[in-house]
Amino acid sequence: MRGTLPGSSLMAGKERRAGGYLLREKTTEFQKALLRWFARHRRDLPWRHTPTPYRVWISEILLQQTRVRTALPYYERFIKRFPNLRSLARASEPEVLELWAGLGYYARARNLRRAAAMIVHRHHGRFPATQRELLSLPGIGRYTAGAILSIAFNQPEPIVDGNVRRLISRLHGITRRRSEEYFWRQATAWIPPDRASQFNQAVMELGALVCLPSGPLCAQCPVSGFCEAGIRGIADRIPPPRSKRASQEVRLVLTVVECDGRVLLCTKQPMDFVPGDWGLPAAAIGPAEMAHPAAHALARGALRMSVRLREAGTVSHAITYRRIRAQVFNATLKVKTGLPRPAAGYDWVGRAEAERLVTSSLYRKALRTRSG
DNA sequence: AAAACGTGGTT
DNA sequence: TAACCAAGTTT
């Protein structure tokens with residue numbers, strides 16, 4: 001087997017130093033230890049049952065910045081509803097989005113559908129098996145292309161995700177930031193050419209089950225003998241904390257106005273940082289602003305009439321760096337004269353339909369908020 | 001290149 | 001509870 005372990009001469013220039021004690025000839029040993037461990041400890045995940053390119057692709061997109069546990073039920077539903085490329089290519093965007101609601105990063109769902117259509121048309125439904133073609137599809141970047149090529153096609157293509165970065169950092173005993181290329185070089189070098197699928201999965205599996213971000217289980221690690229950080233007992237301090245954008249507090253008032261089994265929704269997202277085409281009537285308020293008058297003004301603007309609201313509760317939700325605290329106001333209108341005609345940009349929608357249309361978890365939480 | 005994108009589980 | 005984080009991609 002070819003390939004190189006951490007710290008070999010492959011590591012160029014100023015990035016060579018750390019972890020330089022590991023020798024090139026240990027690579028085969030490392031690969032074997034990892035593959036053996038994987039064969040025994042791999043989780044039984046649904047996308048591993050029949051790893052067709054389509055299924056691997058769907059799973060990889062679902063798993064972007066998303067835990068396995070979270071993605072699991074979405075995967076099952078998605079595959080049931082869209083069992084193959086053609087069924088997905090034929091779907092409408094709202095249909096796909098509906099299955100994605102609550103998962104986040106909704107561009108993933110839109111891109112999935114677009115890419116499916118592109119594959120059906122450009123490649124006649126045959127899943128592309130080259131990096132160039134995969135990268136040209138929306139939503140597929142370097143990682144996902146590598147994952148599809150290696151896992152589904154068993155091509156010796158590298159992958160670098162959070163697990164791989166952490167694993168390499170510890171194996172090399174790296175305590176400072178490294179370029180992305182540094183990780184890609186190692187991930188390329190250590191692939192056993194004929195077992196890329198199992199090996200790449202094994203690397204990520206090890207990161208997910210043993211080489212944990214905090215509290216790594218070094219005692220159970222099949223490659224601890226190769227690990228500089230493990231040997232030096234500093235695995236806990238790797239990788240170093242990364243700087244993050246300061247979070248920002250946002251106060252919102254939301255209204256859930258119902259009438260005759262319908263809910264008043266916005267047809268255009270009132271808050272641009274909340275995802276989805278449909279939303280609840282919402283308004284941002286200042287730190288010291290009274291919520292009730294703001295909510296009342298909001299409802300009046302939407303229905304052009306005064307509505308008696310009662311505060312139903314508070315919903316907390318975070319969207320990227322924004323920490324949202326939303327006060328939810330309820331009202332149920334009497335239906336003597338039919339539904340009041342809403343102002344432009346608002347619409348009455350059946351309760352069940354509303355659940356389907358509203359993408360964001362913020363609004364979904366608010367929709368479930370009762371009394372208080 | 002840095003920032004934006006979403007969310008729920010963990011710590 | 002606030003912060004951190006996860007099988008990244010796009011601009």
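FYI, side chains are in, hydrogens and waters are out, and symmetry mates aren't considered; it's all heavy atoms of this structure. Each chain gets a letter, A, B and so on, in the order the sequences are listed, and its residues count up from 1.
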Could you give the distance separating dA2(B) and dA7(C) at their P atoms, to the nearest angstrom? 23 Å
Just call it for Arg43(A): base, sugar-phosphate, or nothing, with non-hydrogen atoms closer than 4.0 Å on any strand. base
Without hydrogens or angle criteria, can the side chains of Arg176(A) and Ser169(A) be said to hold a donor-acceptor pair below 3.5 Å? no
Flag the pair Ser247(A) / Arg322(A) as yes when at least one side-chain heavy-atom distance between them is below 4.5 Å, and no otherwise. no
Take Arg42(A) and Glu205(A) through the test salt bridge (Lys or Arg N to Asp or Glu O under 4.0 Å) and record every step on the way to the result. CA-CA 7 Å; Arg42(A) 59 180 296 185; Glu205(A) 196 81 336; over 6 Å; no
With rounding to whole Å, what would you report as the distance between dA3(B) and dC4(C) at their P atoms? 15 Å
Reckon Arg364(A) touches a base, only the sugar-phosphate, or nothing at all at heavy-atom distances under 4.0 Å? nothing
Mind listing the residues from residues 52-66 of chain A sitting with a heavy atom below 4.0 Å of DNA chain C? Number order is fine. Glu60(A), Leu63(A), Gln64(A), Gln65(A)
Work out how far the P atom of dG6(B) is from that of dT11(C), and round it to whole angstrom. 13 Å
Criterion salt bridge (Lys or Arg N to Asp or Glu O under 4.0 Å) on Glu181(A) and Arg142(A), from CA distance to verdict: CA-CA 12 Å; Glu181(A) 268 326 297; Arg142(A) 196 172 176 184; 2.9 Å; yes
The residue, Leu135(A) or Trp47(A), whose nearest nucleotide of DNA chain C is more 5′ is Trp47(A)
Scan for salt bridge (Lys or Arg N to Asp or Glu O under 4.0 Å) pairs involving residues 115-138 of chain A, sequence neighbours excluded, and state none if there are none. none
Could you tell me if the ring centre of Phe127(A) sits under 6.0 Å from that of Trp57(A)? yes
When all nucleic acid strands are considered with a 4.0 Å heavy-atom cut-off, which category describes Ala71(A): base, sugar-phosphate, or nothing? nothing
Apply salt bridge (Lys or Arg N to Asp or Glu O under 4.0 Å) to Glu353(A) and Arg356(A), showing your working. CA-CA 5 Å; Glu353(A) 179 76 354; Arg356(A) 209 170 315 135; 2.7 Å; yes
Going 5' to 3' along DNA chain C, which nucleotides are the first and last within contact of chain A (any atom under 4.0 Å from a heavy atom)? dA3(C) to dT10(C)
NA contact type, Gly102(A), heavy-atom cut-off 4.0 Å: base, sugar-phosphate, or nothing? sugar-phosphate
Can Arg77(A) be said to sit on top of Tyr74(A)'s aromatic six-ring, NZ or CZ under 6.0 Å from centre and within 45° of the ring axis? yes
Residues in ring-ring contact (aromatic ring centres under 6.0 Å, His included) contact with Trp37(A), at least two apart in sequence or another chain: His41(A)
Remaining members of Leu357(A)'s ILVMFWY cluster at a side-chain heavy-atom cut-off under 4.5 Å? Val250(A), Leu252(A), Leu254(A), Val256(A), Val263(A), Leu265(A), Met271(A), Phe273(A), Val274(A), Trp278(A), Leu280(A), Val315(A), Ile319(A), Ile324(A), Val328(A), Val349(A), Val358(A), Leu362(A), Tyr363(A), Leu367(A)
Under 4.0 Å, heavy atoms only, any strand: does Thr320(A) hit a base, just the sugar-phosphate, or nothing? base
Classify Arg48(A) by what it touches in the nucleic acid, base, sugar-phosphate, or nothing, heavy-atom distance under 4.0 Å. base
Test Arg110(A) against Glu93(A) for salt bridge (Lys or Arg N to Asp or Glu O under 4.0 Å), laying out the working first. CA-CA 6 Å; Arg110(A) 299 195 184 90; Glu93(A) 187 172 297; 3.1 Å; yes
Determine whether the side chains of His172(A) and Gln186(A) contain a donor N or O and an acceptor N or O closer than 3.5 Å. yes
Between Arg166(A) and Pro138(A), who's closer to the 5' end of DNA chain C by nearest nucleotide? Arg166(A)
Categorize Ile148(A) for me: base, sugar-phosphate, or nothing, with a 4.0 angstrom heavy-atom threshold over every strand shown. nothing
Any base atoms under 4.0 Å from Ile140(A), or only sugar-phosphate, or nothing? Heavy atoms, all strands. sugar-phosphate
In the 5' to 3' direction, the nucleotides of DNA chain B bounding the stretch that comes under 4.0 Å of a heavy atom in chain A are dA3(B) to dG9(B)
How is Arg142(A) classified with respect to the nucleic acid when contacts are heavy atoms under 4.0 Å: base, sugar-phosphate, or nothing? sugar-phosphate
Contact class for Phe273(A) (heavy atom, under 4.0 Å): base, sugar-phosphate, or nothing? nothing
